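Here the structure comes first, spelled out in C-alpha cells, and everything after it is commentary.
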There are 2 protein chains.
Amino acid sequence: LIDVKPSIPRVTVERLPIYLQCLDEVPSAQWISSENLAAMAGVNPAQVRKDLSYLGSYGVRGVGYDVDHLRRQIELQLGSGRVAIIGAGNLGAALAKYHGFSERGFTISGLFDDDPDKVGTYIDDRIVEPMERLESALAERAVEIAIIATPADGAQEVAERVAAAGVTSILNFAPVILQVPPHIDVRRVDLSTELQILSFYIKRR
Amino acid sequence: LIDVKPSIPRVTVERLPIYLQCLDEVPSAQWISSENLAAMAGVNPAQVRKDLSYLGSYGVRGVGYDVDHLRRQIELQLGSGRVAIIGAGNLGAALAKYHGFSERGFTISGLFDDDPDKVGTYIDDRIVEPMERLESALAERAVEIAIIATPADGAQEVAERVAAAGVTSILNFAPVILQVPPHIDVRRVDLSTELQILSFYIKRR
C-alpha cells in the first residue's frame, strides 16, 4: 500500500498559516466550527471546509473541528526550518530580533553582512558574520531558507551564491525581481508594493 | 460621453507593482517586448499583454511597449499616498528608515508609539509621537494608509482607532488577523507566514 496524498493547491497552502494563527487565539481543548474559523480568517466557510479536507480533516457535523488536533495537523504540513539572513542593515537587524520566527519553529542559523564595520558586532546575542563565510556556513548548518535583506544592488548576486550553495528557498525583501533557476522557490516581500496595491483601491473609492 | 473604465482584476493590480519594478531596470527611451517583460517579471507573455490591456496599453506589433509611457501609465494607476506608522519598535523603526516608500511616492506622515521612553526620540529625522495624538494627527494630515507595526497584543485596538479616525487602508505587520468593518482594506505582511509557505514546499521536494 502506498500513502497517496492529494497535492494541496497553492492557494490553500497560503491560507494554512492564517488558519494556524486564528487557532492560536482559540483556547485549547475546544471545538471550532468552520463558520467561526472562516469569520476569523476572513474567508467563506465552504472554503475552510475544502481547504481542511486536503489535510484529511473533515470535522464533525454540528460540532466542528477539534482545535488542538487541527493545529497539530496544520503544523505538520507547514513544518519548520533553518534560516539564514543576509544583510544586517535596518531590516536584517529587525528580522534577526523578530521572535515570531522561533515561535513558529524556525531557527535563525546565521546573519551575514559585507560591511567590515558590522561584521563581528552583535545584534541581540547573534554575531554578524562576513560574506566570505556564507557558502561554507550554509552548507555546514544545513540552512534551508535564505532571507535576502540586502539593498537592491547586491540581491541578485546573493541569490546566485545561496542557490549555488544548495539553498532552494529564498525570501526576498530586496526591491528587485530575482532571476533564479526554476528549481529555486522565491517568495517576495516588497513593502512599497503592498502600499501601492492599497493605494490603487483608495483612488477608486 | 462617459469615460468607462473596465475594472482591473485584483490579480492584475497585484502584478502592476512588479511590472513597474522591472521597468525601473530598463533604460529610458526604449521599447520592451511583452516576452522580455514577462521573463523579467516571471509570468507568461500572454498574461503581460492581458494585464497591460486593462491600462489601455496594447503595445506595437513587432516592437512592444514604450518603456517611459508604460511606466507613467502604471504609476498613474498605483498612485501614492500619506502613510502613518504605528509602533516604533524594531520593525516600525526599520520601516521609518526605509527609503523605498518615498521613491514610490509615499510620504510618511507620522510615527507613533505608546512607550514613554520612545516618545519624543528621533528615528532618523522623524520624531516618535504619543498615541494620544494618533486620531487628531491622522485627520489633520489626511493620512490614507496606516501601517501597524505593534506587537500582536495591541494591533486590534490600533486598527479600530485608525478606522474610527477615517483611515480606510491598513498594512498589518502584527501577527494577528484583524477584525475590521468591510469597508476597510487590510493587507497583511506576516514574516512567519512567508517562511511557513516556503517550508511547505521544501518538505515536498
Side-chain angles (χ1 to χ4, degrees), chain A residues 7-8 10 13-14 16-18 20-22 25 39-42 77-81 83 89-91 93-95 97-98 100-101 103-106 144-145 147 152 168-171 175-177 179 183 185-205, chain B residues 7-8 10 13-14 16-18 20-22 25 39-42 77-81 83 89-91 93-95 97-98 100-101 103-106 144-145 147 152 168-171 175-177 179 183 185-205:
Chain A
S7 74
I8 305 184
R10 187 143 197 133
V13 172
E14 299 197 352
L16 292 179
I18 297 176
L20 191 57
Q21 203 152 68
C22 295
E25 292 167 35
M40 292 177 80
Q77 293 294 331
L78 295 178
S80 56
V83 176
N90 291 325
L91 181 64
L95 294 172
K97 291 176 186 171
Y98 178 58
F101 292 148
E103 284 165 15
R104 286 293 180 208
F106 293 93
E144 294 162 309
I145 302 177
I147 298 183
T168 52
S169 295
I170 295 174
L171 182 58
V176 285
I177 311 288
Q179 307 296 326
H183 71 282
D185 213 355
V186 178
R187 289 187 68 84
R188 185 166 163 276
V189 178
D190 186 306
L191 308 172
S192 307
T193 297
E194 297 297 327
L195 289 185
Q196 287 176 310
I197 294 168
L198 284 170
S199 174
F200 176 89
Y201 289 105
I202 289 172
K203 293 183 74 178
R204 271 150 200 81
R205 278 173 191 278
Chain B
S7 73
I8 305 183
R10 188 142 195 131
V13 172
E14 299 197 351
L16 292 179
I18 298 176
L20 192 57
Q21 203 152 71
C22 295
E25 292 167 34
M40 292 177 80
Q77 293 293 331
L78 294 178
S80 56
V83 176
N90 292 325
L91 181 63
L95 293 171
K97 291 177 187 170
Y98 179 58
F101 292 147
E103 283 165 16
R104 285 295 179 208
F106 293 94
E144 295 162 309
I145 302 177
I147 298 183
T168 52
S169 294
I170 294 174
L171 182 58
V176 285
I177 311 289
Q179 307 296 326
H183 71 283
D185 214 355
V186 178
R187 289 187 68 84
R188 187 165 161 275
V189 178
D190 186 308
L191 308 171
S192 307
T193 297
E194 298 297 326
L195 288 185
Q196 285 176 311
I197 294 168
L198 284 170
S199 174
F200 176 90
Y201 290 103
I202 289 171
K203 294 183 74 179
R204 271 149 199 82
R205 278 172 190 280

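The structure presented is a predicted model; accordingly, all values stated were derived computationally and were not measured. In what follows, every chain begins at residue 1, and chains take the letters A, B, ... in the order their sequences are listed.
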Which bit of B/Q21 is near chain A, if near means a heavy-atom gap under 4.5 Å: side chain, backbone, both or neither?
side chain
Considering only heavy atoms and a distance below 4.5 Å, find which of B/I197, B/T193, B/V189 pairs most often with chain A.
B/I197
Chain B heavy atoms under 4.5 Å from A/V176: which part of the residue, side chain, backbone, both or neither?
both
Enter the distance from A/L91:CG to B/L91:CG here, rounded to the nearest 0.5 Å.
7.5 Å
Measure distances from A/F101 to the heavy atoms of chain B and classify the residue's part below 4.5 Å as side chain, backbone, both or neither.
both
Kindly give the heavy-atom pair with the smallest separation between A/I145 and B/S199, and that separation in Å.
CD1-N, 4.3 Å
Where is the tightest heavy-atom contact between A/D185 and B/L198, given as atom of each residue plus distance?
O-CD2, 3.7 Å
Under a 4.5 Å heavy-atom cut-off, does chain B meet the side chain of A/E194, its backbone, both or neither?
both
Can you tell me which portion of A/A152 sits under 4.5 Å from chain B's heavy atoms? Options are side chain, backbone, both or neither.
neither
Between atom CG of B/L20 and atom CD of A/Q196, what is the distance when rounded to the nearest 0.5 Å?
5.5 Å
In Å and rounded to the nearest 0.5 Å, what is the CG to CG distance from B/L195 to A/L78?
11.0 Å
Between CD1 of A/I177 and CD of B/E25, what distance do you get to the nearest 0.5 Å?
7.0 Å
Compare every heavy atom of A/D190 with every heavy atom of B/Y98, then report the nearest pair and how far apart it is.
OH-OD1, 4.4 Å
If one checks every heavy atom of A/V13 against chain B at 4.5 Å, the contacting part turns out to be both
Between A/I147 and chain B, which part of the residue has a heavy atom less than 4.5 Å away: side chain, backbone, both or neither?
side chain
With a 4.5 angstrom heavy-atom cut-off, which part of A/Q179 approaches chain B: side chain, backbone, both or neither?
side chain
What part of B/A39 is in contact with chain A, defined as an atom under 4.5 angstrom from a non-hydrogen atom: side chain, backbone, both or neither?
backbone
